[in-house]
Amino acid sequence: MARLFINEKNKKAHINAEIYGHFSEHLGRCIYEGLYVGEDSGIPNVNGMRKDVVGALKEMGIPLLRWPGGCFADEYHWKDGIGPKETRKKMINTHWGGVVEDNSFGTHEFFELCEQLGCKTYVNGNVGSGTVREMSEWVEYMTFEGVSPMADLRKQNGREKPWKIDYFGVGNENWGCGGSMTPEYYANLYRRFQTYVRQYNADRPIKKICGGANVADYFWTEDVLKTCFAPPHPDFMHGYMDGLSLHYYVHPEGWEVKGSATDFDDKVWYKTLAKAKYMEELVTRHGAIMDQYDPGKKIGMIVDEWGCWFTVEPGTNPGFLYQQSTMRDALVAGITLDIFNKNCDRVQMACIAQMVNVLQSVILTEGEKMILTPTYHVFHMYKHHQDAELVESFIEGNDVIGEEEYRVPHLSESVSVDAQGYVNVTINNLSISESMPVEMVFAQLEPSSVQGVVLTEEMRAHNTFEDPDRVKEAEFTDYTVEGRVIRFTAPACSVISFRVK
Ligand code: AHR
């Protein structure tokens, strides 16, 4: 038996809703078909945005959306994506399948989508193949209210009022697809480019995100901070940056082969979960370097690409990165979100990659059909953590399980208290075969109201267009309450959430 101790009175830090953010790149069928079908499509839409997908995302709880890439961002020239659609330039999407990008989804469409979703905006600029002027003019186009060449152009294109950019990324993966730069070179470019990301609205500041490391490249973090970190200054908010990014994907078999999304054995299950758990070490070690420069934790760690990256589904375009999502993805999501919650003093934003039809998606589409993946259900079950306060929690008797060198804790958990006074508990049982009796002990609370939800199925279970509800949330009522204790058994291979008062 495991005992989960919760000190609901010991609030540790605020869980930024943006930790539950998403990413949409011009890649495969994410933007086109997944989100945007155009006004003339037979698929029900509002101003070109799919009604079914927007509705499902709102129900799930989407706080933030990152766009237009990814690697695509450093090849994107925003002026090609404004004005009448018939005259927009067509380009080659060199990173993703070499297909024609017709630029019919551009700046106006992105903000329209975010307005429909009711979420914050994260726009990623082009450093790799763009100019300072191009980036600066884009910011002017999007955010300047008065009279100026770019504000006038925006108005000519039908948008009178400026939009709000919540976050602006200065380049993406500039150590790789964003220009193959050294950290010193990027850091100096970052200083220069970010200077011209002007803050036109004092009441709506743009948070600037500096391009951070790939996985365990601690040298990148160190070198970039050495050059870019500046002490707080009234003109620079937190110096030159408000956040530093980190990208980490789980490929069970490595970068070259990656491994199937649906066909895997017990060993690969534990290998995948152990690799997901590695996020904890990355956050701790990159965080320790950030602490040396920024002990007050003013700069956020921005994990703006994370998730499972498998071999594409058989028969699909290898450049489109389309993959299925099983209970294994659900557990990866649960484990990772618990890590972010527990490190929310430093992790201020994260974006799972990607939102629809690419990598670890929450939604898959096929023509007019749409299905929700197990990962969708985890985000839905975790949504009450958004903007809640992390509280102290600890599991006693949490054994270590797994196969060979791939060892993981049996359970993972995180707990928060929200503005309505509910204690939100999320628990993952990482074992494929062993359920676990749990005693959940509160410091003072004697629960009078408990709502439980569970997601459980066999490890390879997933939803398909033929069987869309094989994996779905169910009410969890199999618990007892006695004083300050709730007792239940966590089924093998499950994610559970409780909302307790
Ligand atoms: O999400 C797919 C790709 O992964 C992104 O374009 C890039 O930033 C990363 O390498």
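Values reported hereafter were calculated over all heavy atoms of this structure, with side chains retained and with hydrogens, waters and symmetry mates removed. Every number for a ligand or one of its atoms is a count from 1 in the order of the listing.
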Heavy atom of the protein closest to atom 1 (O) of ligand 1 (residue, atom name, distance): Tyr249 OH, 2.7 Å
Per-atom contacts of ligand 1 with Cys71, taking only distances under 4.0 Å to non-hydrogen atoms: 5 (C), 6 (O), 7 (C), 8 (O)
Salt bridge Lys90-Asp80, side-chain N to carboxylate O under 4.0 Å: no
Atoms of ligand 1 close to Gln354 [distance to a heavy atom under 4.0 angstrom, numbered from 1]: 1 (O), 2 (C)
Residue list, disulfide (SG to SG under 2.5 Å) with Cys71, at least two apart or on another chain: Cys177
Contact atoms of ligand 1, heavy-atom distance to Phe23 under 4.0 Å: 1 (O)
Ligand-side contact atoms (ligand 1) for residue partner Trp96, heavy atom cut-off under 4.0 Å: 3 (C), 6 (O)
Salt-bridge present (Glu134, Lys79; N to O < 4.0 Å): no
Cationic N near anionic O, under 4.0 Å, Lys85 to Glu109: yes
With Asp304 via side chain to side chain donor-acceptor pair (under 3.5 Å) - residues at least two apart: Tyr122, His247
Where ligand 1 meets Asn172 - atom numbers and elements under 4.0 angstrom, heavy-atom basis: 8 (O)
The single option from Trp306, Tyr382, Tyr20 passing ring pair (Phe, Tyr, Trp, His ring centres under 6.0 Å) against Phe340: Trp306
Where ligand 1 meets Leu359 - atom numbers and elements under 4.0 angstrom, heavy-atom basis: 1 (O), 2 (C)
Protein contact of atom 10 (O) of ligand 1 - nearest heavy atom, named by residue and atom, plus distance: Glu173 OE1, 2.7 Å
Region of Trp309 that comes within reach of ligand 1 [heavy atoms, distance under 4.0 Å]: side chain
Ligand 1 to Glu305 polar contact by distance, N or O atoms, under 3.5 Å: yes
Close approach, Phe72 and ligand 1, non-hydrogen under 4.0 angstrom: no
Spatial distance of atom CH2 (Trp96) from atom CZ (Phe320) [nearest 0.5 Å]: 11.5 Å
Shortest protein contact, atom 6 (O) of ligand 1 (heavy atom only): Glu25 OE1, 2.7 Å
Donor-acceptor pair between Thr426 and His385 side chains, under 3.5 angstrom: yes
Lys/Arg cation over aromatic Tyr167: Arg66, 6.0 Å, 45° cone: no
Contacting atoms of ligand 1, where contact means under 4.0 angstrom from a heavy atom of Gly70: 5 (C), 6 (O), 8 (O)
